[in-house]
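Side-chain atoms are counted along with the backbone in the values below, which use heavy atoms only and exclude waters and symmetry mates. What you see is a predicted model; the values in this text were computed from it and never measured.
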Amino acid sequence: RKDKYIYVFGGYNNVDGGLSSTERCSIDNNTWEDLPDMPKGPRVGYCAVTTTGSEIYIFGGGRCSVDVFDTSSLTWMNPTYLRHMPEVRRRAAAVVLKKKYLVVVGGTGKYWRYTAGCLIYDIWCNR
C-alpha cells in the first residue's frame, strides 16, 4: 500500500500466462485503474518493495534486472545508475532497512533451487 493505493505488477493467469500489466486500486473509492505496462515484459515470481519516496522497486522473477515505478508521475523510470542483481531470484522476499539497504532474502535461484541467502544493495552508494 502506498499513498492510499494498492499497486499490482505483472503476475500470471491461466489464459495469458505471464503478465506485464500494472494496475492500482484506490482504497478510498474502491476503483481500479490501468497504468503503463512493465517496460521489460512479463514478470512472474518477483518481489516489490517501496521506499520512503515515490518509488517502488520490482526485482527478481527470473531476471537480474531491477525496474522502478514512480507513483508520483505514474511512469516507469529508467535509472541507468541502478545495478543488476548478481544472480537470478524468484519467489524471494524483500525489505528496505534503515531507508538505505534493499535486502532480498531467500527464494529460488537460476535452476529453481531454494536458497536462504541474502542479497544486500546499498541504494545510496549503488553497490
Exercise. In Å and rounded to the nearest 0.5 Å, what is the CG to NZ distance from Asn29 to Lys4?
Worked result: 10.0 Å
Exercise. Quick one: side chain to side chain donor-acceptor pair (under 3.5 Å) pairs with a partner in residues 89-99, sequence neighbours left out?
Worked result: Glu87-Arg89
Exercise. For the hydrophobic clusters of this structure (ILVMFWY residues joined by side-chain heavy atoms under 4.5 Å, transitively), does one cluster hold both Met77 and Val49?
Worked result: yes
Exercise. What is the minimum heavy-atom distance between Gly106 and Ala92, and which atoms define it?
Worked result: O-CB, 3.4 Å
For this session: Could I get the full list of side-chain hydrogen bond (donor to acceptor under 3.5 Å, both in side chains) partners for Asn13, not counting sequence neighbours?
Result: Asp16
Problem set entry | Contact summary for Thr50 and Val96, nearest pair of heavy atoms | O-CG2, 3.7 Å
Problem set entry | Same apolar cluster (I L V M F W Y, side chains within < 4.5 Å links), Tyr7/Tyr46 | yes
Problem set entry | Tyr121 with Met85, same ILVMFWY side-chain cluster at under 4.5 Å | yes
Exercise. Sequence neighbours excluded, which residues qualify as side chain to side chain contact (heavy atoms under 4.5 Å, CB included) partners of Tyr101?
Worked result: Leu97, Val103, Ile120, Asp122
Problem set entry | In one Ile/Leu/Val/Met/Phe/Trp/Tyr side-chain cluster, 4.5 Å: Leu19, Val44 | no
For this session: Could you tell me the separation between the OG1 atom of Thr108 and the CZ atom of Arg113, rounded to the nearest 0.5 Å?
Result: 11.5 Å
Exercise. Who passes side-chain hydrogen bond (donor to acceptor under 3.5 Å, both in side chains) against Ser20, sequence neighbours left out?
Worked result: none
For this session: Before giving the answer on side-chain contact (heavy atoms from CB on, under 4.5 Å), spell out for Tyr5 and Thr71 the whole-Å C-alpha distance, their side-chain angles and the decisive distance to 0.1 Å.
Result: CA-CA 10 Å; Tyr5 291 96; Thr71 60; over 6 Å; no
Without placing hydrogens or testing angles, list every side-chain donor-acceptor pair under 3.5 Å for residues 32-39, not counting sequence neighbours.
{"from": "Glu33", "atom 1": "OE1", "to": "Arg24", "atom 2": "NE", "distance (Å)": "2.9"}
{"from": "Glu33", "atom 1": "OE1", "to": "Arg24", "atom 2": "NH2", "distance (Å)": "3.2"}

Exercise. Will you find, in the side chains of Ser54 and Asp70, an N or O donor that is under 3.5 Å from an N or O acceptor?
Worked result: yes
Check residues 56-68 and write down every donor-acceptor pair under 3.5 Å in which the side-chain atom is one partner and the other belongs to a residue at least two apart or another chain.
{"from": "Arg63", "atom 1": "NH1", "to": "Lys40", "atom 2": "O", "distance (Å)": "3.4"}
{"from": "Arg63", "atom 1": "NH2", "to": "Lys40", "atom 2": "O", "distance (Å)": "2.9"}
{"from": "Arg63", "atom 1": "NH2", "to": "Pro42", "atom 2": "O", "distance (Å)": "2.5"}
{"from": "Ser65", "atom 1": "OG", "to": "Arg43", "atom 2": "NH2", "distance (Å)": "2.9"}
{"from": "Asp67", "atom 1": "OD1", "to": "Lys40", "atom 2": "NZ", "distance (Å)": "2.9"}
{"from": "Asp67", "atom 1": "OD2", "to": "Arg43", "atom 2": "NH2", "distance (Å)": "3.4"}

For this session: Spell out, yes or no, whether Trp76 and Leu74 are grouped together once hydrophobic residues are joined by side-chain heavy atoms under 4.5 Å, including indirect joins.
Result: yes
